[in-house]
Q: 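A single structure is presented below for examination.
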Amino acid sequence: MSEPEAEKPLDFIRTRIQEDQQAGKNDGKVHTRFPPEPNGYLHLGHAKSICLNFGIAQEFGGLCNLRLDDTNPVAEKTEYAEAIQDDLRWLGFDWEDRFFHASDYFDQLHSWAVQLIKAGKAFVCDLSFEEMKAHRGNLIEPGKNSPFRERMVEENLELFEQMRLGEFPDGTKTLRAKIDMSSPNLNLRDPVIYRIIHQEHPKTGDKWKIYPSYDFAHGQSDSLEGITHSLCTLEFEHHRPLYDWLCQNLGIHHPQQIEFARLNLNYTVMSKRKMLRLVEEGRVNGWDDPRMPTLQGMRRRGYTSKSIRDFCEKVGVAKRENVIEVELLEHCLRHDLNLCSPRRLGVLDPLKVTISNYPEDKSETVDAVNNPEDPDAGTRPVPFSKQLYVDRNDFMEDPPKKYFRMSPGREVRLKYAYYVTCTEVVKDEEGNITELICEYDPESRGGGTADGRRVKGTIQWVDASTAQPCEVRLYDRLFNKPDPEKVEDGGDFTDNLNPDSLEIIHHALVEPSVTEISIGQAFQLERVGYFCLDSDKAEDGKKVLNRTVAMRDSWAKINK
RNA sequence: AGCCUGGUGGUGUAAUGGUAGCACAGAGGUUUUUGGUACCUUCAGUCGGGGUUCGAAUCCCUGCCGGGCUGCCA
């Protein structure tokens, strides 16, 4: 890392922030925030926003706040609030003492509403949902003024106070900003800024019967926290004029809202609403199902936070709609895992091997390298004896041309152990292969011989008497279409669910040292993939291994 | 339909009036006690049409295409 930082090209947001900073705007300070609503679990899309906001703060010598946008007590739960903090910490970000809630500002927000009323810029409206909708006009036609738009300030003040006191039922009155019912931007057609909701709030209890809308809370919260750059996704672009209007008309610090395109990943859905459906309909086993793109699911699957951060950096930031290929995510994952995962031996589909010329009562251990990428990781002893198991797909009785694994008469290397040659194939009455009889070369201990003879194939194995049985869960993409939304008329995204996204292997065998691995710890089963120990136990009490991601497999590709 | 916004290889993202680059994916190869990793080579792009300019992905005009907007959700 002594390289002089090659200046990386900046995305449009960083370019703009850099310009602001160099121009001395906000006294050169940069302050961002990550503002999730606590109404669901964080997912990969949020990770992009998190990395952006915290990353930028770090790069520009600024700070990033965590703020829960809890303006709607109907949808929000403390359970989510806690999970959000947990995920954020896991991802590797620290907001120190800057943990806020939009609800911290309810008093201030309320007095700003009063200020607007006094200035004749807000009014209490008695229109029902339907009436308001009818008055709003539509995309091409302007709206009509509410009949309550010209209420006197005193009356508005009194009515708003009664709303606050809970004297009206939900939905009967709203406080609206008085802007322009003919604006081509529907958000400026006298938007509702306070609504009546008789609902306890997780933070403020029963103090409030009225709650500010997103538009009336978000920008002002940013303002109160001294946010300089308020980064959000594209769908808020039309809200920016309102954001600006409020800051101006309230005469408060005015952060700059900048919108960017949200993250999309192919073969998956990235919306809370759709994920909720998957969970509620039992298409997955909860929010932390390892197939889910939630941070909790990915974490359980074995994704490292580093790989996710790396991914978020690599996808970049721009304003155009994008769909990232999952291969990039998997690349980042494997790249990190390759560097840090200890290697172990295991077979998913055990096929018995007996070494005919190996002494009956002998057993020994061979030294296996823990991580070829990290010499400091050292080696470990792995038991070896006459009875072994190899993976069934590492043997072919009648192999194609470029197959270098085991087949009758072909010498292969049992990794870290010996060269063996299959001399006999044992079958049952139905012709299924039940056992391989092999001969080994005692001179090849450790996996090499003095004569330097070339042995192309190397396969993994486990010692029969010491191997640990376990359950292995193999995951595949949740959807079998790159764009799960692409469906026949009348269908929906669940039609594209991949029926084979979870495959359970009940009788896998792994070398004994795997039992020392703790829950969540990543390791590699050589030639098979990266795994981690799940918190679940199998029905029969065995340990459960999640396959995080398979190894890249160029042999499988050749065969396609 | 109106308004807003965007369009660079298969995917994502740079280049902001001066050699279209990087990453992933694909193809080929070298190394290898993981058909892994690493490394090398290679394929492939400025939405169309006009204009301005010595020179345009970049500026102008126009067309086409994508996305967003008609919650008292965020």
Side-chain angles (χ1 to χ4, degrees), chain A residues 8-11 15 35-37 39 69 71-72 74-76 102 125 127-129 132-133 136-143 170-176 183-187 189 191-197 210-211 213-215 217-218 232-241 259 261 263 266 272-273 311 314-332 334-335 338-339 343 345 368-369 372-373 402-405 413-417 419 444 446-448 455-460 482 524-530 550-558:
Chain A
K8 278 174 283 186
L10 300 180
D11 55 67
T15 300
E37 183 188 12
N39 69 343
D69 211 345
T71 55
N72 187 356
V74 177
E76 297 149 10
C125 183
L127 255 25
S128 66
F129 284 89
M132 199 181 294
K133 186 175 179 177
R136 184 156 39 231
N138 57 37
L139 266 16
I140 48 174
E141 288 165 15
D170 286 11
T172 54
K173 283 184 167 49
T174 55
L175 182 70
R176 298 224 257 163
S183 171
N185 182 341
L186 293 275
N187 292 123
R189 318 246 262 227
V192 169
I193 57 178
Y194 259 97
R195 63 303 202 200
I196 301 170
I197 304 176
I210 54 172
Y211 292 92
S213 63
Y214 163 84
D215 287 304
H218 199 93
C232 62
T233 44
L234 251 27
E235 65 269 28
F236 292 102
E237 216 157 8
H238 315 68
H239 291 251
R240 181 162 23 101
E259 310 85 14
L263 170 70
N266 62 9
K272 273 187 208 170
R273 219 201 96 256
F311 172 75
K314 282 194 162 67
V315 297
V317 190
K319 293 195 77 155
R320 84 184 79 150
E321 300 289 328
N322 61 82
V323 182
I324 312 292
E325 297 176 329
V326 288
E327 285 83 357
L328 179 61
L329 215 211
E330 293 179 344
H331 164 79
C332 295
R334 290 192 183 104
H335 179 76
N338 174 52
L339 264 24
R343 315 289 135 120
L345 300 180
V369 172
E373 304 295 329
K402 301 265 275 283
Y403 189 82
F404 340 118
R405 280 110 101 150
R413 173 167 37 236
L414 295 179
K415 188 149 192 180
Y416 306 124
Y419 292 172
S444 63
V455 171
K456 184 77 176 158
T458 301
I459 65 178
Q460 82 281 11
Q524 182 193 110
L525 287 183
E526 296 210 41
R527 303 209 312 131
V528 183
Y530 295 97
M551 303 300 286
R552 284 192 67 193
D553 187 349
S554 49
W555 170 246
K557 217 170 280 168
I558 291 166

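Every chain is numbered from 1 and lettered A, B, ... according to where its sequence line falls, protein lines coming before strand lines. The model shown is predicted, which means the values in this text are computed figures rather than measured ones.
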Q: By centroid distance (under 5.5 Å) and plane angle (under 30°), are A/Phe129 and B/C72 in a stacked arrangement?
A: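 A/Phe129 vs B/C72: stacking yes.
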Q: Is A/Glu325 side chain donor-acceptor paired with the B/G10 base, going by distance under 3.5 Å alone?
A: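 Indeed there is one.
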Q: Choosing from B/A14, B/G6, B/U32, which nucleotide comes nearest the side chain of A/Ala318?
A: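 The nucleotide sitting nearest to the side chain is B/A14.
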Q: Figure out the CD1/C1' separation between A/Ile140 and B/G2, and round it to whole Å.
A: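 The distance from CD1 of A/Ile140 to C1' of B/G2 comes to 7 Å, rounded to the nearest Å.
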Q: Treating a pair as Watson-Crick (purine N1 to pyrimidine N3 plus N6-O4 or O6-N4) or G-U wobble (N1-O2 and O6-N3) with both distances under 3.5 Å, list the stems of 3 or more consecutive pairs that involve RNA chain B.
A: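 The stems are B:2-7 with B:64-69, B:10-13 with B:21-24, B:26-30 with B:38-42, B:47-51 with B:59-63.
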Q: What about A/Glu237, does its side chain sit under 3.5 Å from the base of B/G6 through a donor-acceptor pair?
A: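 Check fails, no donor-acceptor contact within cut-off.
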Q: Any base atoms under 4.0 Å from A/Val74, or only sugar-phosphate, or nothing? Heavy atoms, all strands.
A: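 Since no nucleic acid heavy atom lies under 4.0 Å of A/Val74, the category is nothing.
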Q: Would you indicate, yes or no, if B/G26 has its OP1 or OP2 atom less than 4.0 angstrom from a side-chain nitrogen or oxygen of A/Lys557?
A: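 Yes, such a contact exists.
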Q: Checking only heavy atoms, does the side chain of A/Gln524 share a donor-acceptor pair with the base of B/U34 at less than 3.5 Å?
A: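 Checked by distance alone, the answer is yes.
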Q: Is the aromatic ring centre of A/Tyr214 closer than 5.5 Å to the centre of the six-membered base ring of B/A74, with the two planes inclined by less than 30°?
A: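 Check failed, A/Tyr214 does not stack on base of B/A74.
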Q: Report the residue (A/Pro372 or A/Asn185) whose heavy-atom-nearest nucleotide on RNA chain B is the more 5′ of the two.
A: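 Closest to the 5' end, via its nearest nucleotide, is A/Asn185.
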Q: Checking all strands, does A/Ser128 fall into the base, sugar-phosphate, or nothing category for heavy-atom contacts under 4.0 angstrom?
A: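 Counting heavy atoms under 4.0 Å across all strands, the contact made by A/Ser128 includes a base.
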Q: Looking at residues at least two apart in the chain, or sitting in another chain, which of them share a side-chain contact (heavy atoms from CB on, under 4.5 Å) with A/Pro142?
A: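 Partners of A/Pro142 by the side-chain contact (heavy atoms from CB on, under 4.5 Å) criterion, ordered by chain and then number, come out as A/Ser182.
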Q: Could you verify whether a donor N or O on one side chain and an acceptor N or O on the other, from A/Asp215 and A/His239, lie under 3.5 Å apart?
A: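 Looking only at side-chain atoms, A/His239 and A/Asp215 do form a donor-acceptor pair, the distance falling under 3.5 Å.
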Q: Judged by atom type as modelled, is there a donor-acceptor pair below 3.5 Å linking the side chain of A/Thr174 to the main-chain atoms of A/Arg176?
A: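 It does not hold such a pair.
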Q: Of all the choices, B/C24, B/G36, B/A74, which nucleotide is nearest to the side chain of A/His331 once you look at every atom?
A: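 When the side chain of A/His331 is considered, B/C24 is the closest of B/C24, B/G36, B/A74.
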Q: Give a yes/no answer on whether the side chain of A/Arg136 brings an N or O atom under 4.0 Å of OP1 or OP2 in B/G71.
A: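 Indeed, a polar side-chain atom of A/Arg136 lies that close.
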Q: Say we look at B/G10 and B/U16: how far apart would their C1' atoms be, to the nearest angstrom?
A: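 My reading of the C1' atoms in B/G10 and B/U16 gives 27 Å.
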Q: Does A/Arg527 make a side-chain N or O approach to OP1 or OP2 of B/G35 shorter than 4.0 Å?
A: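 Checking A/Arg527 against B/G35: at least one side-chain N or O falls below 4.0 Å of OP1 or OP2.
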Q: Hey, does the side chain of A/Arg189 come within less than 4.0 Å of B/C69's phosphate (OP1/OP2), counting only N and O?
A: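 Checking B/C69 against A/Arg189, no side-chain N or O comes under 4.0 Å of OP1 or OP2.
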Q: Does the side chain of A/Ser213 get closer than 4.0 angstrom to OP1 or OP2 of B/G71 through an N or O atom?
A: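 A/Ser213 to B/G71 OP1/OP2: no side-chain N or O under 4.0 Å.
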Q: For A/Arg527, run the side-chain contact (heavy atoms from CB on, under 4.5 Å) check against A/Thr458, A/Leu345, A/Ile459 and tell me which one passes.
A: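 When side-chain contact (heavy atoms from CB on, under 4.5 Å) is applied between A/Arg527 and each of A/Thr458, A/Leu345, A/Ile459, only A/Ile459 qualifies.
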Q: Quick one: is B/A74 close enough that its OP1 or OP2 comes under 4.0 Å of any side-chain N or O from A/Arg195?
A: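 True: A/Arg195 side-chain N/O within range (under 4.0 Å) of B/A74 OP1/OP2.
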Q: Counting heavy atoms from C-beta on, name the nucleotide in B/G67, B/C72, B/U13 closest to the side chain of A/Glu321.
A: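 When the side chain of A/Glu321 is considered, B/G67 is the closest of B/G67, B/C72, B/U13.
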Q: What about A/His335, does its side chain sit under 3.5 Å from the base of B/A23 through a donor-acceptor pair?
A: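 Counting by modelled atom types and ignoring angles, no donor-acceptor contact under 3.5 Å is found here.
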Q: Tell me whether the side-chain N or O atoms of A/Arg552 pair up with the base of B/G35 as donor and acceptor below 3.5 Å, since no angle test is needed here.
A: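 A donor-acceptor contact between them is absent.
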Q: Using the C1' atom on both, measure B/U13 against B/A57 and round to a whole Å.
A: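 B/U13 and B/A57 have their C1' atoms separated by 14 Å.
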Q: Rounding to an integer number of angstrom, what distance separates B/G9 and B/U5 when you compare their P atoms?
A: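 It comes out at 23 Å once rounded to the nearest Å.
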Q: Within the pair A/Arg334 and B/A38, is there a side-chain N or O less than 4.0 Å away from OP1 or OP2?
A: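 A/Arg334 to B/A38 OP1/OP2: no side-chain N or O under 4.0 Å.
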Q: Ring-plane angle category for A/Trp555 and A/Phe404, please: parallel below 30°, perpendicular beyond 60°, tilted otherwise.
A: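 Taking A/Phe404 first and then A/Trp555, their aromatic rings sit tilted (interplane angle of 30° to 60°).
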Q: Just compare B/U13, B/U37, B/G35 and give me whichever is closest to any side-chain atom of A/Ser554.
A: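 Closest of the options to the side chain of A/Ser554: B/G35.
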Q: I want to confirm an ordering. Mapping A/Ala261 and A/Leu328 to their closest nucleotides on RNA chain B, which one lands closer to the 5' end?
A: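 Counting from the 5' end, the first nearest nucleotide belongs to A/Ala261.
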Q: Using a cut-off of 4.0 Å on non-hydrogen atoms, how would the nucleic acid contact of A/Leu345 be classed: base, sugar-phosphate, or nothing?
A: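 Since no nucleic acid heavy atom lies under 4.0 Å of A/Leu345, the category is nothing.
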